[in-house]
Structures are given as C-alpha cells and as structure tokens.
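Below is one structure, written out as structure tokens; the observations come after it.
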Number of protein chains: 2
Amino acid sequence: MLSRMTRPESSGGQQPASRRIAEVLRSAIQSGELRPGDRLPSERVLADQYGAARNTAREAVRLLAEEGLVVAQHGRGVFVREARRLFRFGSDRYARKNRETGLTPFRLEARRQGKSARIDVVSIAREMPPRDIAERLDVAPDDLSVVHRENHYFADDEPVQVVSTYLRWEEAEGTLLMEAKSGPDGIYGRLEELGHAMTSIRDEIFARMPTPHETAVLGLPPGVPVLEVLHTSLDQDGRPFEVSRFVHRSDLTGLTYELPVT
Amino acid sequence: MLSRMTRPESSGGQQPASRRIAEVLRSAIQSGELRPGDRLPSERVLADQYGAARNTAREAVRLLAEEGLVVAQHGRGVFVREARRLFRFGSDRYARKNRETGLTPFRLEARRQGKSARIDVVSIAREMPPRDIAERLDVAPDDLSVVHRENHYFADDEPVQVVSTYLRWEEAEGTLLMEAKSGPDGIYGRLEELGHAMTSIRDEIFARMPTPHETAVLGLPPGVPVLEVLHTSLDQDGRPFEVSRFVHRSDLTGLTYELPVT
DNA sequence: AAGTGGTCTAGACCACTTT
DNA sequence: AAGTGGTCTAGACCACTTT
C-alpha cells in the first residue's frame with residue numbers, strides 16, 4: 001500500500017480533506033442548493049470527485065450527520081434532513097382545563113397536525129426511585145417507596161416521547177393509580193381526591209445525547225439529542241406529590257413556557 | 001492485504017466488533033469501574049485486547065464520544081467525562097428584583113460556585129432580523145428593523161452561553177440601547193422608560209447539535225448538544241418589545257421554570 | 001523518545017435497496 | 001445485477017503530550 005500518498009495534493013489548505021469536503025456539502029445545504037429530502041452524492045462518488053479514499057468521504061458525511069444536517073439510510077443513500085419541529089409542549093399543558101386523562105394536550109397537538117395519537121402504558125410497578133426522583137418527591141431513595149408508571153407517546157405510530165411518572169407508593173397502593181385506566185381526569189383526578197390540588201409546578205430542563213436504549217425506543221437517527229424534563233407537581237401546601245421524567249426527541253419537540261413576571 | 005480476515009473469529013455475536021467493544025467500555029463507565037476523569041485504554045491497546053484493527057477500536061471510542069460519555073484529548077488519551085451541570089437558569093431570572101444590569105442572575109450563580117463571571121459585549125449593530133426573530137418581535141423581516149446586541153458569558157474564562165438580543169431600531173436609535181453600558185438596570189431599565197414594563201415572558205426551548213461556529217465559540221467537545229431558548233418579553237399591553245436567542249452549552253447548563261397552575 | 005489521538009489510503013465483504 | 005451505506009483490515013504519517 002502506498003502510504004506516502006496519505007496527504008494527496010488535493011488537500012491544499014490547512015484543513016483535513018474530510019473537513020473540506022464536509023464544508024462544501026454544508027454550504028450546499030445551507031444555500032439551498034441541496035434541499036431537505038435531497039440525496040447527497042454517494043460516498044464512492046464523493047471520494048472520486050475529491051481524489052480521496054472512500055473512508056475520507058465517509059468521514060465528511062459523518063461530520064454532517066453528527067451536526068444533524070443529514071441522515072444516512074442503509075442501501076438508499078444519505079439525505080438532507082427535513083427540518084420539522086412538530087410538537088410544541090406549552091406550559092398550559094398543566095392547566096386544569098386540560099386535565100381529562102392528563103393526555104389531552106398531546107392528543108390535541110396530534111389532531112392539529114392531522115396525525116393519530118397513541119399512548120402506550122408500558123409498565124406500572126412498585127420500585128426504588130432513582131436519586132433525582134427521590135429528592136424531588138421527598139421519599140426514601142433506598143426503599144420501594146414509589147410507583148413507576150411508564151408511558152410511550154406515538155404520533156402516526158412514530159415514537160415522540162417517553163414519560164416516567166413517579167407517585168408515592170403509600171398513596172397509590174390499592175387505588176386506581178396502579179391501573180392503566182386510572183379513571184376520570186386521569187391520575188391527577190385521583191391525586192386530587194387524595195387531597196393534592198396541583199397548585200404550582202417546577203420543570204427542570206436539560207439536553208443531552210440519548211442513551212443506546214433511548215435511541216432504540218425513540219428510533220432516533222444519529223445527531224439528534226433528547227430534551228429531558230424533570231417535572232414536579234406541588235400541591236396547595238407547596239408539597240411535591242408527583243414527579244415525572246419526560247424524554248423528548250428534540251427533532252420533533254419544542255417546549256414553550258409562558259409566565260407572568262413579578 | 002488479507003481482506004478475508006474482515007470478520008475475525010472474536011466478533012462472535014451478531015453485533016459488530018466496534019459496538020461490542022463500546023458496550024464493554026460503557027458498562028465499565030456506568031458501573032463506576034471507570035470513574036469520571038479516568039483514562040480509557042489507548043486505541044492501540046484496545047485493538048490488541050480485542051484482536052481488532054486500530055480503526056475498529058477507534059470506532060468504538062467514537063460511539064462513546066457521540067453519546068457524550070467520554071472526551072478525547074489529542075496526545076493525552078480519552079477520558080471519562082465529568083458530569084458537572086453547573087449553571088441553573090431559573091424563571092426567576094426575569095423577576096424585577098433581579099433587574100440591575102440584567103446580568104445579576106448570571107453573576108449570582110457564578111459567585112455561588114466560586115467562579116469569576118465575565119460578560120463580553122461582542123457587537124451592537126443595526127441589522128435585518130432573522131425570520132424567527134422578526135415574527136416574534138413583530139417587525140419587518142426584510143428591513144434593517146432591529147438592533148442586534150450579542151453578548152458572550154464566561155465563568156472562569158470558560159464560555160457558557162451566547163446571547164443575541166434584538167430590539168426595535170425605531171426605539172433604540174440614538175439611545176443608551178445602542179451602547180455597551182446601557183445605564184441603570186440595563187436595557188430593561190431603558191425599555192421601561194420607553195413605556196415597556198415587562199409583564200410576561202414566553203420562552204421557547206429547543207435542543208440541537210451545535211453549528212461549527214458554536215462549537216468553536218463555546219469550545220464544545222463532541223457529543224454535547226446546545227439548548228436554544230427563544231425568549232420574548234411582553235409589556236403591559238401584551239406586546240413584544242424584546243426578543244433574545246440564548247444558546248447554552250448543555251453540559252454546563254440547565255433551565256428551571258416554576259409557575260402557578262391555573 | 002515514546003505514547004497518544006487525528007487523519008488517511010486502498011482495498012474487502014456484508015446488508016440493504018433499487019433497477 | 002448494480003448501487004448504497006456499514007464495518008473492517010493493516011498499514012502509514014502527522015500533531016500533540018508526556019517521560
């Protein structure tokens with residue numbers, strides 16, 4: 001193998017060849033020359049065009065995929081990603097008027113977009129809470145102190161978010177809070193009967209790359225981070241009675257908070 | 001070259017060798033066997049251990065870097081990333097009591113952490129607004145209708161967030177809003193004098209991978225998304241008078257919103 | 001000087017999709 | 001059958017850091 005050819009003449013500048021190729025493609029995408037849905041030249045064609053090895057062209061494409069600009073489809077090609085941010089979760093999703101089954105805001109948003117909505121109750125189980133949940137729900141971290149309800153949300157059968165809701169075991173035991181169908185107005189209806197009127201909420205928001213498990217469950221392409229919301233519901237006494245972890249795919253989801261300034 | 005050795009015996013399972021190596025390392029990190037700050041075995045050592053080519057070991061490490069679990073340092077090695085989420089931007093950052101210079105919440109948070117705070121005013125210029133800004137500020141999108149103030153925020157000289165603030169040119173022209181030092185209570189003080197009392201706010205939140213420019217400005221390692229907040233300030237008449245785009249590095253930043261439920 | 005990651009070559013076989 | 005991305009080999013030279 002001719003390894004003195006490592007730096008071919010064509011890599012004139014300071015930049016590595018893979019970055020230069022990526023830059024040309026990036027400009028083409030940003031200028032609109034390559035439009036959402038368009039196919040990029042194949043890795044072999046790019047390699048030819050730039051007098052590089054296929055792996056070098058491939059590295060260029062990988063850089064773009066990491067930025068979330070393109071998505072590869074095995075056997076088909078690499079495509080410019082469609083910029084579609086479909087779901088907007090507003091702070092009004094907690095409003096009392098949107099309370100029936102706790103699910104309405106999602107269904108409403110799906111309908112607004114002409115999509116079908118589906119919510120799967122994946123599991124309902126007594127568990128030991130993760131540390132961050134235990135702190136916020138104010139329960140023992142090393143005890144079977146919570147009920148964990150896991151739901152998956154789909155729009156047109158495409159997964160959009162995964163929600164883990166945690167409730168106090170002592171309150172949920174033997175009630176409809178342990179059932180998939182939790183009755184009128186959903187879990188918040190039952191929690192209100194237990195004396196917890198949702199009076200204020202606290203949402204803590206982070207972004208991070210998905211775990212391999214989340215990548216699988218949400219069907220995430222590379223280069224798409226997740227939005228994680230740690231939600232705490234506080235009652236009339238300012239005490240937490242429900243904590244949920246929302247994991248959204250960020251290419252489909254945005255959050256909106258509207259609030260008065262004091 | 002012996003290309004029939006492409007699939008060596010050691011890749012026993014269904015999984016590609018690079019993924020298997022990544023899984024072993026991931027488990028070691030999650031179990032705490034490899035702790036934050038620890039160095040991974042070098043790519044050459046991993047390749048030896050698993051009877052693979054160096055590029056295969058390298059691919060395994062790349063998968064972990066993409067998940068944000070490790071960071072490579074040229075010439076030094078690959079290290080398990082420290083999980084430090086330092087900055088919490090709460091919805092109370094808009095509260096009137098935190099108004100002086102508009103910067104106090106950031107300075108407070110930095111002091112709380114024993115870090116120095118620095119805010120650079122990078123530019124103040126009359127510009128054509130981006131489409132999303134024009135819509136929210138309710139100004140002409142294809143006109144020099146706004147003033148754009150760009151600030152960079154540093155903690156211990158490490159960049160934490162980039163903020164672009166947009167104001168109406170017709171209101172800012174010839175006022176302290178065009179100056180780096182915008183006077184008592186910062187730009188919100190001047191805007192209040194112009195008849196805009198901040199009465200409510202709307203924050204729209206997205207996550208995405210950074211652009212190459214943001215990667216450079218924020219000094220982002222691979223595998224770290226950004227949190228983007230599109231902030232709109234509304235006055236006593238419910239009219240927008242200021243729109244800002246916050247770009248936070250998500251490994252250092254979290255957002256918190258506390259609000260009453262109606 | 002030795003070790004590390006960064007980039008690259010020039011192939012190969014595989015899984016998948018399209019013609 | 002032809003084309004595409006996915007993975008891999010066995011090298012090489014480079015830039016950077018540590019010994």
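Below, read A as the first sequence line, B as the second, and so on, with proteins coming before strands; counting in each chain starts at 1.
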Is the phosphate of [N], meaning OP1 or OP2, less than 4.0 Å from a side-chain N or O of [X]?
| X | N | answer |
| --- | --- | --- |
| R19(B) | dT7(D) | yes |
| R76(B) | dT18(D) | yes |
| S42(B) | dT4(C) | yes |
| T56(B) | dT9(D) | yes |

Roughly, in whole Å, what's the span from [atom1] in [X] to [atom2] in [N]?
| X | N | atom1 | atom2 | value |
| --- | --- | --- | --- | --- |
| F79(B) | dT4(C) | CZ | P | 11 Å |
| L63(B) | dC8(D) | CG | P | 9 Å |
| Q73(B) | dT4(C) | CD | C1' | 11 Å |
| R44(B) | dG6(C) | CZ | C1' | 10 Å |
| E59(A) | dG6(C) | CD | P | 10 Å |
| L46(A) | dT9(C) | CG | P | 13 Å |
| N55(A) | dG6(C) | CG | C1' | 14 Å |
| R58(B) | dC14(D) | CZ | C1' | 12 Å |

Output the single nucleotide from [options] whose closest atom is nearest the side chain of [X].
| X | options | value |
| --- | --- | --- |
| A17(A) | dC8(D), dC8(C), dG6(C) | dC8(C) |
| E43(B) | dC8(C), dG5(D), dG5(C) | dG5(C) |
| A53(A) | dA10(C), dG6(C), dT18(C) | dA10(C) |
| R39(B) | dT9(C), dT4(C), dT7(C) | dT4(C) |

*Indicate, yes or no, whether a donor-acceptor pair under 3.5 Å links the base of dG11(D) to the side chain of R54(B).*
no

*Checking salt bridge (charged side-chain N to carboxylate O under 4.0 Å, His left out) for the pair R245(B)/D132(B): CA distance, chi angles, key distance, verdict?*
CA-CA 10 Å; R245(B) 188 194 312 278; D132(B) 54 353; 2.9 Å; yes

*Between E204(A) and R136(A), is the closest basic N to carboxylate O distance under 4.0 Å?*
yes

*Could you tell me whether E67(B) and R26(B) make a salt bridge, using a distance below 4.0 angstrom between a side-chain N and a carboxylate O?*
yes

*asked:* Determine whether the aromatic ring of H74(A) stacks with the base of dG6(D), defined as ring centroids separated by less than 5.5 Å and ring planes inclined by less than 30°.
replied: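 No, the aromatic ring of H74(A) does not stack with the base.
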
*asked:* Can a side-chain donor-acceptor contact be found between D120(A) and H152(A) if the only test is distance below 3.5 angstrom?
replied: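 H152(A) vs D120(A): no donor-acceptor pair found between side chains.
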
*Are H148(A) and S164(A) close enough that a side-chain donor and a side-chain acceptor fall under 3.5 Å?*
yes

*Is E214(B) reaching over with its side chain to a backbone N or O of T211(B), donor-acceptor style, under 3.5 angstrom?*
yes

*With no hydrogens and no angle check, is any side-chain donor or acceptor of S18(A) less than 3.5 Å from a backbone partner on A60(A)?*
no

*Walk me through it: do R19(A) and E59(A) pass the test salt bridge (charged side-chain N to carboxylate O under 4.0 Å, His left out)?*
CA-CA 8 Å; R19(A) 273 212 239 290; E59(A) 170 72 6; over 6 Å; no

_the helix from dA1(C)-dT18(D) to dT18(C)-dA1(D): angle between end helix axes, five pairs per end, rounded to 10 degrees_ =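 Answer rounded to 10°: the end axes differ by 0°.
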
_Regarding V78(A), tell me which of base, sugar-phosphate or nothing describes its non-hydrogen contacts under 4.0 Å with the strands shown._
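Result for V78(A) = sugar-phosphate.
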
